[in-house]
Amino acid sequence: MSYSQICGADAVVVSRPLLYFGTRHTIEPWAERLCSEEWQLRYAENINELQKLSSAAEFKVGIVAPDHRDIINNCRCVESTIARAGHIRWIVLLPKDALDSPPLRELVSATFYDYHTLPVDSDRLLLTLGHALGMAEIAADALLPEEGEVRSNGESEMVGASPQMQKVFKEIRKVAGVDAPVLITGESGTGKELAAQAIHERSSRGHGPFIAVNCGALPTNLIQSELFGHEKGSFTGAHQRKIGRIEVASGGSLFLDEIGDLPMELQANLLRFLQEKTIERVGGREDITVDVRVIAATHVDLEKAVREGRFREDLYYRLNVLQIRMPALRERVGDVPLLAQYIFHRFAEEKGRKIKGFSKDALHTMNNFDWPGNVRELINRVRRAMVMCDNSLISPSDLGLEQRNNSRWVLTLGEARDRAETDTIRAALAQNQGSVLLASKQLGVSRVTLYRLMEKHALSTN
């Protein structure tokens, strides 16, 4: 049932979409009143349609009216869908006697923004819908990154509002517009493969394949065959021709992860491919032309590896035409709480029903932790806490950080003052997109003073 079906074909579509899932006879008596108050009603016919519609960003408020014949089971069947749609505030409509059931009271308390008993009091429901919409919009403003956010498919989608990540997003857009090789550097767990995917998706090759190869994970005796392929009978066990990863990537992008682990004997073959755009399969005699863009990544210092003779200098300069450095999570000013909230909603179906989010102590602890495992470690700790937490809010101990941080937080007064200054300056810079002028005005100090404090605490805007 659409807005035009209820209010007439000539009705003007307004910007307050409302998602409804439940029995039609429940909605009909007050549907016209909703439309008169500028709510655009959208009806989900079944659970599949509910899952599809609830993923849309346009909906911030939803109503569920379960079948009265089996209320608990009907509520539970949509519970996982509701959990995944963390951007929507849900209201449930129930018969008056339904809440006599303790399991249903627990379900309603843990899952829904509010509830109403039938028959519906339309004035009260409209007031609740207005409050729910306001809260959803506040939450969206607080959780979503600013302009420049990049997301790509994958478990740890790229999310960030810090000046450091805004710089990365800008660089990704620039390098995506050309076809030269790219070298992505950074610590393990910073999202180098996600950056490579983002470059590929935004390039003219986005319609082609994206083939990822972890050079450090392949056995040395198989790397050449995996990359370049082999002909039937070229070695023992080669019972048929095999097309290599480079050839499979033709027309798209080849991502060579941990390129610093590639053996020296194969570096020459890769250099030849980069120079001539041709490969030769193991056991083959013909050159095969391959149209591939190469994106490489490494967590090691390749310049140092070149000086030590572990990496070919000519290959390094072939790969390092364009470079993007992925910042460590500890360098991303203000991004940890943002990422934690994003992960919480991304894996909402894994959490206990009672869990609403993070305690202030948990957010403070996460924001002050060094995160040696970077975003990958943050994802693992948050997902574990969502499963193991027994309370409504995740605590530092649920994240496994409390004991680790206690000794670190035995501070002198001077250390506490320095930490407070550092946190405050980082937050101001993040809120003002790295602008020292705006941050200094917010903090009530001069630009000279702010620059001095930034130098004292080794802070920068990028």
Side-chain angles (χ1 to χ4, degrees), residues 1-9 11-68 71-95 98 104 107-144 344-346 348-349 351 353 356:
M1 182 181 296
S2 68
Y3 179 74
S4 59
Q5 287 175 310
I6 296 172
C7 297
V12 177
V13 177
V14 292
S15 58
R16 301 174 75 187
L18 174 63
L19 181 56
Y20 177 84
F21 179 72
T23 55
R24 287 182 179 272
H25 67 79
T26 302
I27 191 177
E28 286 171 356
W30 44 273
E32 187 173 346
R33 174 72 189 279
L34 285 171
C35 293
S36 69
E37 297 291 335
E38 298 186 336
W39 285 98
Q40 180 187 352
L41 193 59
R42 185 72 180 273
Y43 189 89
E45 300 284 348
N46 51 55
I47 190 66
N48 291 331
E49 190 169 353
L50 177 65
Q51 291 171 349
K52 180 180 178 182
L53 291 174
S54 62
S55 65
E58 63 178 305
F59 294 106
K60 293 183 173 63
V61 183
I63 295 176
V64 174
D67 190 326
H68 70 279
I71 291 175
I72 292 180
N73 287 337
N74 275 280
C75 278
R76 290 194 188 281
C77 77
V78 298
E79 184 181 0
S80 62
T81 299
I82 289 175
R84 284 193 294 270
H87 60 290
I88 297 178
R89 295 296 183 271
W90 296 92
I91 294 103
V92 62
L93 309 181
L94 300 165
L104 187 58
L107 183 67
V108 170
S109 173
T111 306
F112 294 94
Y113 174 79
D114 202 352
Y115 75 93
H116 283 248
T117 55
L118 299 173
V120 170
D121 180 334
S122 57
D123 290 334
R124 180 171 172 266
L125 180 64
L126 285 167
L127 186 62
T128 300
L129 290 174
H131 288 167
L133 178 62
M135 292 300 293
E137 289 176 341
I138 289 172
D141 290 341
L143 295 180
L144 291 179
F344 182 84
H345 290 291
R346 169 71 172 77
E349 70 256 21
K351 71 179 178 67
R353 292 200 309 272
K356 302 296 186 182

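Atoms considered below: every heavy atom in the structure, side chains included; atoms not considered: hydrogens, waters and symmetry mates. FYI, the numbering just counts along the sequence from 1.
Here the closest non-hydrogen pair linking Trp39 and Gly130 is CZ2-N, 4.1 Å. Contact record, Pro66 with Leu94: CG-CD2, 3.9 Å, taken as the closest heavy-atom pair. A pairwise comparison of heavy atoms in Gly62 and Ile88 identifies N-CG2, 3.5 Å as the closest pair. Closest approach of Ala65 to Tyr20, counting heavy atoms only: CB-OH, 3.3 Å. Nearest approach of Glu49 to Tyr43, heavy atoms of both residues: OE2-O, 3.6 Å.
Residues passing the ring-ring contact (aromatic ring centres under 6.0 Å, His included) test with Phe21, sequence neighbours excluded: none. With sequence neighbours excluded, the residues that form a side chain to side chain contact (heavy atoms under 4.5 Å, CB included) with Lys356 are Ser392, Leu393. Checked against side chain to side chain contact (heavy atoms under 4.5 Å, CB included), Ile47 has the following partners two or more places apart in sequence or in another chain: Leu50, Gln51, Val78, Thr81.
Looking only at side-chain heavy atoms (C-beta outward), Val92 and Leu107 stay at 4.5 Å or farther from each other. Side-chain contact between Leu18 and Leu129 is present, with heavy atoms from C-beta onward closer than 4.5 Å. Here the side chains of Val61 and Leu19 are not in contact, with every heavy-atom distance at 4.5 Å or above. Here the side chains of His116 and Asp121 are not in contact, with every heavy-atom distance at 4.5 Å or above. For the pair Leu133 and Arg16, the minimum side-chain heavy-atom distance is below 4.5 Å. For the pair Leu53 and Arg42, the minimum side-chain heavy-atom distance is below 4.5 Å. Between Tyr115 and Ile91, the closest side-chain pair of non-hydrogen atoms is not below 4.5 Å.
Remark: Lys52 NZ to Asn46 CG distance equals 10.5 Å, nearest 0.5 Å. Glu37 contributes atom CD, which lies 11.0 Å from atom CG of Leu127 (distance to the nearest 0.5 angstrom). In this structure, OG1 on Thr117 lies 9.5 Å from CG on Leu93, to the nearest 0.5 angstrom.
Under 4.0 Å is where a charged nitrogen must lie from a carboxylate oxygen, and between Asp123 and Arg33 at least one such pair does.
For Phe344, the CZ atom is densely surrounded, since the number of other residues' heavy atoms within 6.0 Å is greater than 12.
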